[in-house]
Amino acid sequence: MSTGLIIALIVIVAAVVVVAAVLTSRARGGHGGRSLKRRFGPEYDRTVARHDGDTKAAERELAARVERHGDLREQPLEPAERERFEARWTAAQERFVDSPREAVAEADRLLAELAGARGFPADGQYEEQLAALSVHHGHHVHGYRRVHRAAHTPLDGAPENRASTEDLRACMVEARELFEHLLTPSRGDTAPEGAAKSGTRQGSHLPWAINRRHAKES
């Protein structure tokens, strides 16, 4: 075998190795730190904090969520179904004035039902549902976590673990962000034109400043 042929083979093999390395790097980059930060937003920082600052452990957890739920496609809601969810949320907000804890519990149930209707894990799979929501709504999922925690905190628990009325109000406000995002039709939905406008944009916002003055302490 001539020297020129050997050199040519070496160059070809080296080129193949370089291309394979680049493709592997790009594939991993889809779940890399920068990509995960962009996808999960504040949920990325919360996960790192939960792992005591161990970024690699946090990124492994988040990448595993993407692997499990990244291909999930949200299901459209019928306009009538969307209106029913909106009416129930409005009723829960109005109930907050007299029964803050009952309102928060209803918000927790509503988010679970709405997420299930949109195609996320349901049937009481809270942790898996939350993980799936974080993949697709990472910037808004924490409100659901807060209302769920508040709704399931025993009233006879330690005083420092019981949320005040103001804390419950803040939970409702933050949870509403996720509710609105789930209620709004996705780009692929085939709901009639104008259906999105009939959702959370019209009349579903309770005047929370009034609630601060009149909501009963629970």
Side-chain angles (χ1 to χ4, degrees), residues 40-52 58 61-62 65 69 74 77 82 84-184 199-200 203-218:
F40 285 92
E43 182 71 5
Y44 177 95
D45 296 325
R46 283 188 290 267
T47 307
V48 171
R50 196 171 66 252
H51 283 278
D52 297 322
E61 178 185 330
L62 295 175
R65 294 189 205 176
H69 304 294
E74 296 185 52
L77 296 173
R82 184 178 293 112
R84 284 194 296 271
F85 276 117
E86 181 193 3
R88 289 176 61 190
W89 186 272
T90 300
Q93 289 187 150
E94 292 170 349
R95 188 182 307 153
F96 187 93
V97 176
D98 296 314
S99 303
R101 291 190 181 278
E102 290 181 14
V104 167
E106 175 64 5
D108 178 48
R109 286 191 294 270
L110 266 173
L111 281 171
E113 291 179 28
L114 178 55
R118 292 305 309 267
F120 291 91
D123 301 322
Q125 302 178 71
Y126 165 72
E127 292 294 342
E128 203 61 20
Q129 187 181 69
L130 187 74
L133 285 167
S134 74
V135 172
H136 297 272
H137 298 278
H139 290 261
H140 307 286
V141 72
H142 191 55
Y144 182 21
R145 183 182 286 117
R146 290 186 66 188
V147 295
H148 185 82
R149 186 182 301 139
H152 291 80
T153 298
L155 288 175
D156 57 355
E160 62 271 17
N161 293 330
R162 292 200 299 267
S164 66
T165 299
E166 181 59 23
D167 290 334
L168 295 175
R169 187 196 71 83
C171 288
M172 288 283 289
V173 170
E174 189 171 1
R176 187 177 61 198
E177 295 179 7
L178 176 62
F179 180 83
E180 291 181 347
H181 275 261
L182 288 173
L183 203 63
T184 301
T200 58
S204 64
H205 295 289
L206 188 67
W208 289 103
I210 295 177
N211 288 347
R212 286 195 183 96
R213 295 194 297 270
H214 298 295
K216 296 180 180 177
E217 290 290 342
S218 54

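All values below come from the heavy atoms of this structure, side chains included, with hydrogens, waters and symmetry mates left out. As the structure is a computational prediction, the values presented were derived from the model and not from experiment.
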Exercise: do [X] and [Y] side chains pair donor with acceptor under 3.5 Å:
{"X": "H140", "Y": "H181", "answer": "yes"}
{"X": "H142", "Y": "R145", "answer": "yes"}
{"X": "H137", "Y": "E74", "answer": "yes"}

About how many Å separate [atom2] of [Y] and [atom1] of [X], when rounded to the nearest 0.5 Å?
{"X": "T90", "Y": "F85", "atom1": "OG1", "atom2": "CZ", "value": "13.0 Å"}
{"X": "R101", "Y": "T153", "atom1": "CZ", "atom2": "OG1", "value": "7.5 Å"}
{"X": "L111", "Y": "F120", "atom1": "CG", "atom2": "CZ", "value": "11.5 Å"}
{"X": "F96", "Y": "E106", "atom1": "CZ", "atom2": "CD", "value": "14.0 Å"}
{"X": "M172", "Y": "D167", "atom1": "CE", "atom2": "CG", "value": "14.0 Å"}

Between the side chain of [X] and the main-chain N/O of [Y], is any donor-acceptor distance below 3.5 Å?
{"X": "R146", "Y": "A175", "answer": "no"}
{"X": "Q125", "Y": "A122", "answer": "yes"}
{"X": "H136", "Y": "H69", "answer": "yes"}
{"X": "R176", "Y": "A107", "answer": "no"}
{"X": "Q129", "Y": "P121", "answer": "yes"}

Self-check item: Pairwise salt bridge (charged side-chain N to carboxylate O under 4.0 Å, His left out) hits with a residue in residues 124-138, at least two apart
Solution: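 For residues 124-138, and leaving out neighbouring residues, the salt bridge (charged side-chain N to carboxylate O under 4.0 Å, His left out) pairs sorted by first residue read R68-E128.
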
Quiz item: So H148 and L130, side-chain contact (heavy atoms from CB on, under 4.5 Å) or not? Walk me through it.
Solution: CA-CA 10 Å; H148 185 82; L130 187 74; over 6 Å; no

Self-check item: Side chain proximity check, E43 to T47, heavy atoms < 4.5 angstrom
Solution: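 In short, these two side chains touch, coming nearer than 4.5 Å.
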
Quiz item: Is there a side-chain contact between L182 and L77, using heavy atoms and a 4.5 Å cut-off?
Solution: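 They are not in side-chain contact.
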
Exercise. Report the C-alpha distance between E113 and R84 in whole Å, list the side-chain angles of each, state the deciding distance to 0.1 Å, and finish with yes or no for salt bridge (charged side-chain N to carboxylate O under 4.0 Å, His left out).
Key: CA-CA 12 Å; E113 291 179 28; R84 284 194 296 271; over 6 Å; no

Practice problem: Considering only NZ, NE, NH1 and NH2 on the basic side and carboxylate oxygens on the acidic side, decide whether E86 and R82 come within less than 4.0 Å. | Solution: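 No.
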
Practice problem: Provide the closest heavy-atom pair for H139 versus P42 in the form atom of the first, atom of the second, distance. | Solution: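 Looking at all heavy atoms of both residues, the closest pair is ND1-CD, 3.6 Å.
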
